[in-house]
Participant: 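The following block contains the structure, expressed as structure tokens.
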Amino acid sequence: MRKFWRKSCIALMLSSVMVSSANSLVEVRAEEGKVINIYSWNTEFRDRVVAVYSKVESTSDDGTITTLKDGTEIHWNITPNQDGVYQQKLDEALLKQMDATGDDLVDIFLSETDYVNKYVDEVVDVTIPLVDLGIDVEKDLADQFEFSRTTPSDQSGVQRGSTWQGAPGLLVYRRDIALEVFGTDDPEEIAKKTENWDVLKESAEALKEKGYYVFSSYADTFRLYGNAIEQSWVEPDSTVIKVDQKIIDWVTDSKEWLEAGYFDETVKGQWNDDWNKAMGSQSKTFGFLFPAWGIDFVLKPNWDGAEGSWAVTTPPQEYNWGGSYIHAATGSDNLEYAKDIILELTANKENLLNISREYLDFTNTMSGMKEVSEDDTFSHEFLAGQNPFTYFTPVAENIKVAPLSAYDQACVELIQNAFGDYFQGQVTFEQAKENFEIAVKERHPEITEVAWPE
């Protein structure tokens, strides 16, 4: 059994139960159920299913139940992702899969890049290989970006999940601030101001002189450094966390930029009220580093100014952030629907193009994204008529996913928390390191050591 699944008693029991009974569960529950339980951490997937899935009839006013045309109900089980809470609830539900009745079974669940590795492990076997659902991955998913197929695959290269989205990232900036500081808001011209870290640092100084911040927080740049790590946080069958040098580079550079006044010192991290307010019209923040979902799902709801006030341009380095993977749960009694939903949401090009048009998502067909990058009908009013896919597509074509581990979510969250205190002058560098070690071992007691770069 792989050590990285040993997160808790629940996880230990889950792995032993599901490994021994996966095949029998599929055979015994051959008859399709009338309730499809889908687990996720927000409403993003639900919104897209309701928007494009051909078998949807209606959704309840509170959004918890979607009824399909044959009367089957999708029950949406939403739990926030932060601090590993979603995974805890999902693991508890998967643990009960052997004894659950049809209406209580987990049928479909979502994971994201930070912890997909945990759920596609072939030894744990809580996700059904797509081929076992009747999906021919070499034919049905041939048009997907390669990285999006590799990420949800197990140790043997068997794909156990699929996604409707790619997650290449760009720099999203305020047009009004660009005009004031740089004399232009044209994305091609601003790209010359953001094309690499050295150039961006010069631009940050120019922004500071006019009273603006290049980014709201040191956390805004973390994903670019984290996406460039050369070794995974935890190697397979290891209990040692290895902190990559790129993470220490982020600490060093963030401290320098914060002290130089390039970040807003009042914004401490992300996913909090101060960060949300930094996206508002009264903010002095020039830009954010976001993938497509970040623009639609995070920036747009927090913006309270005129539409058309933002634009996208080249980031200082290519990166991707996130990706939501759809899995059929071992033991589900809705395998036909699981197959159908995965195919319609991740392999149906027209559906994916409609999602791109409606939600600004960078969706997962290579041919489709090439087409939309050259099609001005995919311009967005939020971006003043700019076609963002013109910038997203070249980034996606060059994405190299960082080596993954089952511990990524904890490491990514907790190291930012620990060094956030260092940036704010509350602890020393060495104390921040110690605090990270304590925090990560509390969340994952099986971790025996944290190794730092020389």
Side-chain angles (χ1 to χ4, degrees), residues 29 31-82 85-87 89-90 92-94 97 100-112 133 135 161-165 167 292-302 322-329 331-365 380-382:
R29 288 163 181 164
E31 184 178 345
E32 292 287 296
K34 299 303 289 183
V35 172
I36 304 170
N37 283 304
I38 299 182
Y39 281 68
S40 187
W41 56 88
N42 62 27
T43 63
E44 185 181 23
F45 181 55
R46 183 197 71 192
D47 295 343
R48 283 142 184 80
V49 168
V50 171
V52 304
Y53 185 41
S54 63
K55 294 179 176 59
V56 167
E57 179 68 31
S58 63
T59 296
S60 61
D61 291 341
D62 64 1
T64 59
I65 298 175
T66 295
T67 303
L68 304 183
K69 292 176 180 178
D70 67 356
T72 300
E73 293 181 348
I74 296 177
H75 289 195
W76 299 98
N77 299 272
I78 309 295
T79 303
N81 216 355
Q82 202 74 359
V85 176
Y86 167 66
Q87 290 185 65
K89 183 171 182 179
L90 175 61
E92 291 171 0
L94 291 173
Q97 196 81 331
T101 61
D103 289 356
D104 296 324
L105 289 166
V106 181
D107 295 297
I108 294 171
F109 67 89
L110 274 74
S111 71
E112 64 174 356
L133 292 175
I135 296 174
S162 188
T163 182
W164 73 92
Q165 62 186 174
W293 60 259
I295 300 173
D296 178 68
F297 206 75
V298 183
L299 178 60
K300 191 174 179 180
N302 282 308
S324 301
Y325 293 90
I326 310 167
H327 308 281
S332 166
D333 63 347
N334 280 291
L335 301 187
E336 284 301 317
Y337 264 124
K339 171 186 176 181
D340 199 42
I341 289 171
I342 288 172
L343 287 176
E344 283 214 27
L345 268 293
T346 73
N348 184 307
K349 183 175 176 179
E350 288 306 311
N351 282 348
L352 293 174
L353 290 175
N354 286 334
I355 289 174
S356 291
R357 191 182 297 279
E358 177 70 20
Y359 295 103
L360 202 146
D361 273 4
F362 185 91
T363 50
N364 196 18
T365 61
H380 280 263
E381 293 182 7
F382 185 73

Participant: If you round to the nearest 0.5 Å, how far is OG1 of T66 from NZ of K55?
Facilitator: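 OG1 of T66 is found 14.5 Å from NZ of K55.
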Participant: Walk me through it: do L352 and K349 pass the test side chain to side chain contact (heavy atoms under 4.5 Å, CB included)?
Facilitator: CA-CA 5 Å; L352 293 174; K349 183 175 176 179; 5.7 Å; no
Participant: Over all heavy atoms of both residues, which pair between T59 and V50 is shortest? Give the atoms and the distance, please.
Facilitator: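 The pair with the smallest heavy-atom distance is OG1-CG2, 3.3 Å.
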Participant: Less than 4.5 Å apart, any side-chain heavy atom of Y337 and any of D107?
Facilitator: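 Side-chain contact under 4.5 Å: no.
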Participant: The test is side chain to side chain contact (heavy atoms under 4.5 Å, CB included); show your working for F297 and N42 and say whether it passes.
Facilitator: CA-CA 10 Å; F297 206 75; N42 62 27; 3.5 Å; yes
Participant: Any chance you could lay out the side chain to side chain contact (heavy atoms under 4.5 Å, CB included) test for S332 and L105, step after step, and finish with the verdict?
Facilitator: CA-CA 6 Å; S332 166; L105 289 166; 5.8 Å; no
Participant: To the nearest 0.5 Å, what is the distance between CG (N348) and CG (L343)?
Facilitator: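 These two atoms lie 9.0 Å from each other.
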Participant: Quick one: closest heavy-atom pair of T346 and W164, and the distance?
Facilitator: CG2-N, 3.6 Å
Participant: Determine the minimum heavy-atom distance between E44 and D361, stating which atoms define it.
Facilitator: OE2-OD1, 4.4 Å
Participant: With heavy-atom distances below 4.5 Å as the criterion, would you say the side chains of E344 and V52 are in contact?
Facilitator: no
Participant: What verdict does the side chain to side chain contact (heavy atoms under 4.5 Å, CB included) test give for L68 and I36, after you've listed the backbone C-alpha separation in whole Å, the side-chain angles of each residue and the deciding distance to 0.1 Å?
Facilitator: CA-CA 10 Å; L68 304 183; I36 304 170; 4.0 Å; yes
Participant: Any donor-acceptor pair under 3.5 Å linking the side chain of S40 with the backbone of L110?
Facilitator: no
Participant: Are T72 and D70 linked by a side-chain donor-acceptor pair shorter than 3.5 Å?
Facilitator: yes
Participant: For the CG atom on D61, are there more than 12 heavy atoms of other groups (residues, nucleotides or ligands in this structure) within a distance under 6.0 Å?
Facilitator: no
Participant: Under the 3.5 angstrom rule, does the side chain of K34 hit a backbone N or O of G102 as a donor-acceptor pair?
Facilitator: no
Participant: Tell me the closest heavy-atom pair linking A93 and V106, and the distance in Å.
Facilitator: CB-CG2, 3.6 Å
Participant: Do N364 and Q165 come close enough that some side-chain heavy atom pair is under 4.5 Å?
Facilitator: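 Sidechains of Q165 and N364: no contact.
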Participant: Kindly compute the distance separating OG1 (T79) from CD (Q87), expressed to the nearest 0.5 Å.
Facilitator: 11.5 Å
Participant: Hey, which of F45, F109, Y39 is the one that makes ring pair (Phe, Tyr, Trp, His ring centres under 6.0 Å) with H327?
Facilitator: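 By the ring pair (Phe, Tyr, Trp, His ring centres under 6.0 Å) criterion, H327 pairs with just one of F45, F109, Y39: F109.
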Participant: Set out, in order, the CA-CA distance, both residues' side-chain angles and the distance that settles side chain to side chain donor-acceptor pair (under 3.5 Å) for T101 and D103, then state yes or no.
Facilitator: CA-CA 6 Å; T101 61; D103 289 356; over 6 Å; no
Participant: Between R46 (side chain) and W76 (backbone), is there a donor-acceptor pair under 3.5 Å?
Facilitator: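 Judged by distance alone, no pair lies under 3.5 Å.
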Participant: Which distance, rounded to the nearest 0.5 Å, do you find between the CG of L360 and the CD of E381?
Facilitator: 12.0 Å
Participant: Quick one: are I78 and Y86 in side-chain contact, heavy atoms under 4.5 Å?
Facilitator: no
Participant: Working to the nearest 0.5 Å, report the span between CG of L133 and CD1 of I342.
Facilitator: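 L133 atom CG to I342 atom CD1 measures 5.5 Å (nearest 0.5 Å).
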Participant: Search all heavy atoms of S324 against all heavy atoms of T163 and return the closest pair with its distance.
Facilitator: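 Smallest interatomic distance, heavy atoms only, reads O-OG1, 2.7 Å.
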Participant: Looking at every heavy atom in both Y359 and D47, which two are closest together, and how far apart are they?
Facilitator: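 The pair with the smallest heavy-atom distance is OH-O, 3.3 Å.
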Participant: Are D340 and Y53 packed together at the side-chain level, in the sense that at least one heavy-atom pair is separated by less than 4.5 angstrom?
Facilitator: yes
